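Computed from a prediction, not measured in an experiment: that's the story for all the values here.
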Amino acid sequence: MNPASSIAIQRPSLTLLGTEPLRAAIEYVSHKLARANQTIQGDSHPVILFPGLGADATSLIPLREHCRSLVYQAIDWGRGYNTGPQGNVDVWLSQLAQHVLTLLVDSNHSATLIGWSLGGLYAREIAKLTPRRVRQVITVGTPFNADADHTNVGWVYRLVNGTAATIDPAMSARLRAAPPVPTTSIYSRTDGVVAWQTCRHDREARHVEDIEIKGSHLGMGWHRAVLNIVGDRLAQRPGEWQPYNTASRSPARYGTPNPGGGLA
C-alpha cells in the first residue's frame, strides 16, 4: 500500500517553513558544540554526496567532514550548484551516472551515495543505473514517494530554471521504485520544505528502511541524529546490511526515540 496516497498529503505549513532558518541555525550550533561520539573506523570506501536544489558542496561540508572523520572517502558530486535536471531527464541522469563512474574509477570499492532533498532522487536513480558500483543509498529529506509536488520549493525551482517543475504519472512511479541496493530514507515530521509522508517507502522491499528524526529540513546536513545514523549505516559491510535498530541505540549517542520508532 502506498502511504503517500492513502492519506491526504499537504505541503508543510507556512509556520514550519518560516521557522526553517532559525531551527537550522540552532541545529548547527548544537552540531558545533557536540563532541564526537562515534569511534567506529570506516573501510575507506567512497561516499558521494549530492546537494539539494539550489545548493552546492558548501552545504554538505559538515556531512562530508563527518564521513571523512570516520575514514571514508567522501566526495562531492562535482557538478556545482544543483539546478535540477536539464533537458531530457533520462539523458541527463545517464550522463550524471557516467560522471559518478568516473569519480569511482580509481577505487576498488563500491560506493555509498548520500543525497539531500533533490540530491537524494539523483542518488536513487544512479543506483538503479549502476547497481554494481553502489553498495547502498542514504537519502535525507528526499520526497521520492509522491504523485504530485508536495513541497515548498516550487518557487525556488522556477527562480533557478524559469519554469515550473512537473511530475507526470510515469515519472512518479519511477521515482517511487526503490533502488536494488540497501536504501535508507531519513525524514522529519517537522520538515518545513517537503511533506514527510513522501519520504517513506511502500514497505514492499526488505532492503529499504525509513528513519524518523525531529528536526528542520535545512539543518539535516548537520543534525546530530542524522550524522550518527549516517555513520552507523556506512559501517554496514557489503552483503551484511541490516535495518537500523533504533531500540539498541542509547539516547546519548543517537537521540531520543520517538513513539513511532524515530529519533529526536
Side-chain angles (χ1 to χ4, degrees), residues 9-38 49-67 69 76 80-84 114-121 138-144 146 149-160 165 184-200 210-231 246 249 251-264:
I9 299 176
Q10 297 181 340
R11 293 182 176 87
S13 69
L14 293 180
T15 299
L16 281 177
L17 177 63
T19 58
E20 276 282 337
L22 176 59
R23 290 188 289 138
I26 293 174
E27 289 157 359
Y28 183 75
V29 172
S30 177
H31 158 68
K32 297 300 288 186
L33 294 177
R35 292 179 297 177
N37 55 15
Q38 286 184 315
L49 306 171
F50 301 84
L53 177 64
D56 65 357
T58 303
S59 67
L60 296 169
I61 288 176
L63 182 55
R64 187 165 63 249
E65 290 181 342
H66 177 67
C67 293
S69 73
D76 170 57
Y81 283 95
N82 181 359
T83 58
I114 302 180
W116 189 354
S117 199
L118 177 60
L121 296 182
I138 302 173
T139 62
V140 183
T142 296
F144 55 84
D149 180 14
H150 297 294
T151 76
N152 282 319
V153 297
W155 65 273
V156 177
Y157 189 91
R158 181 181 290 276
L159 180 66
V160 171
T184 299
S185 172
I186 303 173
Y187 71 97
S188 170
R189 293 176 190 247
T190 53
D191 189 319
V193 177
V194 306
W196 63 269
Q197 298 96 328
T198 64
C199 302
R200 292 165 58 99
D210 308 314
I211 305 176
E212 181 185 354
I213 62 134
K214 183 178 180 180
S216 68
H217 183 89
L218 298 180
M220 281 188 172
W222 48 78
H223 195 291
R224 182 168 61 97
V226 172
L227 296 181
N228 285 327
I229 293 168
V230 167
T246 303
R249 316 301 178 186
R253 290 190 62 197
Y254 292 91
T256 304
N258 285 333
L263 298 172

To the closest 0.5 Å, what do you measure between CH2 (Trp116) and CE (Met220)? 9.0 Å

Verify, without hydrogens or angle tests, whether Arg189 (side chain) and Glu212 (backbone) share a donor-acceptor contact under 3.5 angstrom. no

Could you tell me whether the side chain of Ser30 and the main chain of Ile26 form a donor-acceptor pair under 3.5 Å? no

Hey, what do you get for NE2 (His223) to CD1 (Ile213), rounding to the nearest 0.5 Å? 4.0 Å

So, the side chain of Glu27 versus the backbone of Ser216: is there a donor-acceptor pair under 3.5 Å, distance only? yes

Please report the interatomic distance CH2(Trp222) to CD1(Ile61), rounded to the nearest 0.5 Å. 10.0 Å

Value for CG (Leu22) from CG (Leu218), rounded to nearest 0.5 Å, stands at 11.5 Å

Which atom names give the shortest non-hydrogen contact between Thr142 and Gly120, and what distance separates them? OG1-CA, 3.3 Å

Identify the heavy atoms of Cys67 and Val230 that sit nearest to each other, and give their distance. SG-CG1, 4.2 Å

Give me the atom names and distance for the closest heavy-atom approach of Gly80 to Pro51. O-CG, 4.4 Å

Sub-3.5 Å donor-acceptor pair from the side chain of Thr190 to the main-chain atoms of Gly215, do we have one? yes

Quick check against the 3.5 Å criterion: does Asn152 have a side-chain atom that pairs as donor or acceptor with the backbone of Gly192? yes

Tell me whether Arg11 contacts the main-chain N or O of His150 through its side chain, where contact means a donor paired with an acceptor under 3.5 Å. no

Side-chain (Trp196) to main-chain (Pro12) donor-acceptor, under 3.5 angstrom: no

Distance in Å, Asn82 CG paired with Leu118 CG, rounded so as to fall on 0.5 Å steps: 4.5 Å

For Gly141 and Asp191, work out which heavy atoms get closest and say how close. CA-OD2, 4.3 Å

Whether His217 side chain and Leu17 backbone form a donor-acceptor pair below 3.5 Å: no

Please identify each residue that fulfils ring pair (Phe, Tyr, Trp, His ring centres under 6.0 Å) with Phe144, with sequence neighbours left out. His201

Less than 4.5 Å apart, any side-chain heavy atom of Asp76 and any of Leu49? no

With sequence neighbours excluded, residues passing salt bridge (Lys or Arg N to Asp or Glu O under 4.0 Å) with Asp210: Arg203

Identify, with sequence neighbours excluded, every residue that meets salt bridge (Lys or Arg N to Asp or Glu O under 4.0 Å) alongside Arg23. Glu20

Test log, rule side-chain contact (heavy atoms from CB on, under 4.5 Å), inputs Thr139 and Cys199: CA-CA 9 Å; Thr139 62; Cys199 302; over 6 Å; no

Give, for atom CG of Leu63 and atom CG of Leu227, the distance between the pair rounded to the nearest 0.5 Å. 6.0 Å

